[in-house]
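Below, chain A is the first sequence line, B the second, and so on; all start at residue 1.
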Amino acid sequence: MRSINKRLARIFSDMGAFYTYSGEADRFRAIAYEKAARIIGDLEEDVSNFTEKEMEAIEGIGHGIATKIEEYIATGKISKYEELKSKMPLDLISLLSVKGFGPKTVKAIQGALKIKTRAQLVRALKDGRIAKLKGFGSKKVENMLKGLELHDAVEKRIPLWDALQMSERIVKDLQKLPEVEKIDIAGSIRRRKETIGDLDILLTCRQKDRQKVIDHFIGVEGVKRVLAKGDTKASILIKETDQPTAKKRMIDRQVDLRIVEPEEWGAALVYFTGSKQHNVHIRRIAQDQGLKVNEYGVFKEPQNKCIASQNEEEVYQSLGLQWMPPEIREDSGEVELALKNKIPELIKLKDIKGDLQMHSTWTDGTHSIEDIANYVEKNHKYDYMAITDHSQAVRVAGGIGEKDLLKQINEIRNINRKLGRQFVKTGVEVDINVDGSLDCSDELLAQLDWVVASIHTNFNRNNTDRLIKACENPYVHVIGHPTGRLLGTRERYEVSMEHLIKAARATGTALEINAQPQRMDLDDRYARMASERGVKLVISTDSHSYDQFDFMQLGVAIARRAWCKKKDILNTRSWADLMKFYRKKRSSKPAISTV
DNA sequence: GCCGTTTTCGGCCCGACTGTTTTCAGTCG
């Protein structure tokens with residue numbers, strides 16, 4: 001289990017906050033702890049499998065932190081952390097994540113008024129004591145109170161799909177202005193992170209038109225508050241009502257707009273796409289070469305001559321780097337490969353040849369199989385699609401029994417006859433029972449073109465054995481949404497990804513990247529882990545209605561963030577090649593593995 | 001705290017906006 005990594009990441013992140021709070025002298029110590037927290041949190045393997053030496057070999061982990069990890073593994077505690085914690089006003093430190101509350105501010109208040117808790121602080125803000133302090137004033141106090149008020153609403157991250165819809169709406173609105181030249185969505189949306197905090201929009205216009213564009217921006221539909229407004233930059237808080245994934249939950253979002261000159265576009269796009277760690281890394285590389293990178297370009301010291309800025313390729317090239325797709329700009333190895341010109345060619349949406357999980361009116365889908373087939377044929381250039389309605393155990397979704405499935409096979413044959421090609425594949429999303437057996441007989445599964453096996457019940461147990469047993473069934477092509485998580489709603493169930501990946505590889509079973517916005521399951525990290533270990537993946541939309549077929553772009557985005565190439569994804573292959581892959585599985589009768 | 005093809009000490013990315021200042025500190029991304 002990776003939970004020890006999570007616990008350690010949490011501790012180091014807290015230690016980072018402690019040191020941030022404690023002041024300028026510890027600033028870089030704080031950064032080091034925050035960096036370590038991120039590294040350990042992202043680590044695929046359990047830290048307890050590492051020796052101290054191996055840990056120190058990881059960039060960003062040195063002797064000090066490795067020793068603390070060892071101490072935690074041995075004793076379940078880190079004495080330095082306990083010591084710091086006992087001395088810190090914890091309640092106040094939690095305020096550092098609130099807008100307007102930095103370490104200096106909190107410390108100044110705490111020092112001057114001997115305040116220990118958040119509640120005392122709020123009182124002091126309201127009764128005017130803080131406004132009287134040196135360096136404070138009524139505006140600052142007002143902003144701090146606003147920060148507190150908005151903190152809960154804005155803190156939650158929203159699913160990528162919702163963020164895409166929101167930002168596209170704003171971009172379209174801004175595009176109505178003839179003054180706007182280039183415009184693009186940057187930030188974590190451009191990197192296609194699975195959840196999004198703020199929305200970042202970048203545009204170019206002529207200098208004289210900036211004010212007009214900014215004025216238009218702060219007046220777009222749904223603006224609740226203007227957080228900042230300058231010559232080249234503005235931030236608004238927007239209230240979004242139409243968030244399908246969030247089920248109409250109203251969530252305020254901060255939207256940042258930045259305006260640059262047309263010739264600065266490439267540098268600005270790099271800068272505002274990030275990630276922060278990626279930017280820091282490329283700036284270090286620039287420094288080593290006597291160069292400086294900012295949002296305006298790459299500059300050669302000492303004359304400060306701009307040597308690149310127009311487009312991203314040029315900016316990266318001027319630093320000796322190959323261009324990198326936004327999805328992998330997370331400082332997780334991409335910069336090192338770009339230096340060697342070895343960035344892989346990632347999978348693209350147009351590589352996808354078919355969709356292999358969807359539901360019809362036979363169970364919980366909205367449309368008949370024939371309608372879906374016609375829709376998909378018309379709107380997506382696929383060579384095949386598989387109908388995978390639920391098996392009978394999934395009662396909430398109206399799962400169907402074997403008799404109905406046989407009838408469905410006949411219906412699909414008739415539809416294909418009408419279409420004049422074998423476009424629609426027969427299939428099922430068969431439920432994996434608690435004991436790992438399947439909710440359909442092998443005899444029936446053998447007659448189907450495509451079998452997805454998924455868990456929909458009894459989440460509250462370790463499901464590793466259950467999923468491995470499903471992999472061992474010779475008729476199972478792919479494990480559907482392998483971790484079962486629902487973003488913001490349901491935690492993933494317990495499963496050892498390492499063991500599942502091993503079993504998937506040994507049995508020739510694929511794992512699914514389920515592209516439903518609230519699933520995105522496998523996520524990018526596990527997808528990368530699986531494909532690096534030779535497991536093939538399938539990207540499916542799990543569509544229940546027409547519009548959901550567009551989710552394929554989300555699945556492809558995860559695969560790209562997972563560094564997947566076309567060859568790693570099975571449904572980039574022709575149907576014949578896909579079947580070749582599985583003939584091996586059915587003929588080899590894989591040995592039963594043990595956990 | 002981490003790190004090192006000049007360094008085991010002395011660096012550690014860079015600029016916009018706000019509010020409180022009379023020239024800049026704090027916060028943010």
Contacting residues from residues 64-96 of chain A, given that a heavy atom lies under 4.0 angstrom of DNA chain B
G64(A), I65(A), K68(A)
Within residues 312-320 of chain A, which residues have any heavy atom lying less than 4.0 Å from an atom of DNA chain B?
none
Could you pull out the closest heavy-atom pair between [X] and [Y], with the gap in Å?
X       : Y       : result
E264(A) : V260(A) : OE1-CB, 3.5 Å
G187(A) : D200(A) : CA-OD2, 3.6 Å
G230(A) : I214(A) : O-CD1, 3.2 Å

Using the side chain to side chain donor-acceptor pair (under 3.5 Å) criterion, which residues pair with [X]? Sequence neighbours excluded.
X       : value
D288(A) : none
T273(A) : R190(A)
D523(A) : none
S79(A)  : E71(A)

Which residue pairs satisfy the ring-ring contact (aromatic ring centres under 6.0 Å, His included) criterion with at least one member in residues 29-59 of chain A, sequence neighbours excluded?
F12(A)-Y33(A), Y19(A)-Y33(A)
So ring-ring contact (aromatic ring centres under 6.0 Å, His included) across residues 269-295 of chain A, not counting sequence neighbours, yields H278(A)-Y316(A)
What interatomic distance, in whole Å, is found between [atom1] of [M] and the corresponding atom of [N]?
N       : M       : atom1 : result
dG26(B) : dT21(B) : C1'   : 12 Å
dT8(B)  : dC2(B)  : C1'   : 12 Å
dA16(B) : dG10(B) : P     : 32 Å
dT6(B)  : dG1(B)  : P     : 29 Å
dC14(B) : dT7(B)  : P     : 23 Å
dT27(B) : dT20(B) : C1'   : 14 Å

Over how many whole Å does the gap from [X] atom [atom1] to [N] atom [atom2] extend?
X       : N       : atom1 : atom2 : answer
R27(A)  : dC14(B) : CZ    : C1'   : 11 Å
D200(A) : dC28(B) : CG    : C1'   : 12 Å
L199(A) : dC28(B) : CG    : C1'   : 16 Å
K107(A) : dT27(B) : NZ    : C1'   : 17 Å
L237(A) : dG29(B) : CG    : C1'   : 16 Å
M144(A) : dT27(B) : CE    : P     : 9 Å
Y271(A) : dG29(B) : OH    : P     : 11 Å
H281(A) : dC2(B)  : NE2   : P     : 18 Å

Does dT8(B) have a Watson-Crick or wobble partner in any strand here, with both distances under 3.5 angstrom, and which is it?
none
Enumerate the residue pairs fulfilling salt bridge (Lys or Arg N to Asp or Glu O under 4.0 Å) with a member in residues 207-216 of chain A, sequence neighbours excluded, ordered by first and then second residue.
E179(A)-K212(A), R210(A)-E261(A), D215(A)-K229(A)
In chain order, what residues pass the side-chain contact (heavy atoms from CB on, under 4.5 Å) check against R10(A), with sequence neighbours excluded?
D14(A)
Answer yes or no: is there an ion pair linking E34(A) with R38(A), defined by an N-O contact shorter than 4.0 Å?
no
Between D521(A) and R485(A) (salt bridge meaning N to carboxylate O under 4.0 Å), is one present in this structure?
no
Protein within reach of the bases, or only the backbone? For nucleotides 16-26 of chain B, mark each nucleotide 5' to 3' as B, S or -, using heavy atoms under 4.0 Å.
SSSSSS----S
In 5'-to-3' order, the base (B), backbone-only (S) or no-contact (-) status of each nucleotide in nucleotides 3-12 of chain B, using a 4.0 angstrom heavy-atom cut-off, is S--------B
S235(A) vs D256(A), side-chain hydrogen bond (donor to acceptor under 3.5 Å, both in side chains): CA-CA, chis, key distance, verdict
CA-CA 4 Å; S235(A) 295; D256(A) 297 328; 2.7 Å; yes
Between N294(A) and A30(A), which has a closest nucleotide on DNA chain B that is more 5'?
A30(A)
Which residue, I31(A) or V98(A), contacts DNA chain B at a nucleotide closer to its 5' end, judged by nearest heavy atom?
I31(A)
Ignoring hydrogens and geometry beyond distance, is a side-chain donor-acceptor pair present between R528(A) and S332(A) at under 3.5 Å?
yes
Describe the nucleic acid contact of G100(A) in one word from base, sugar-phosphate, nothing, applying a heavy-atom distance below 4.0 Å.
sugar-phosphate
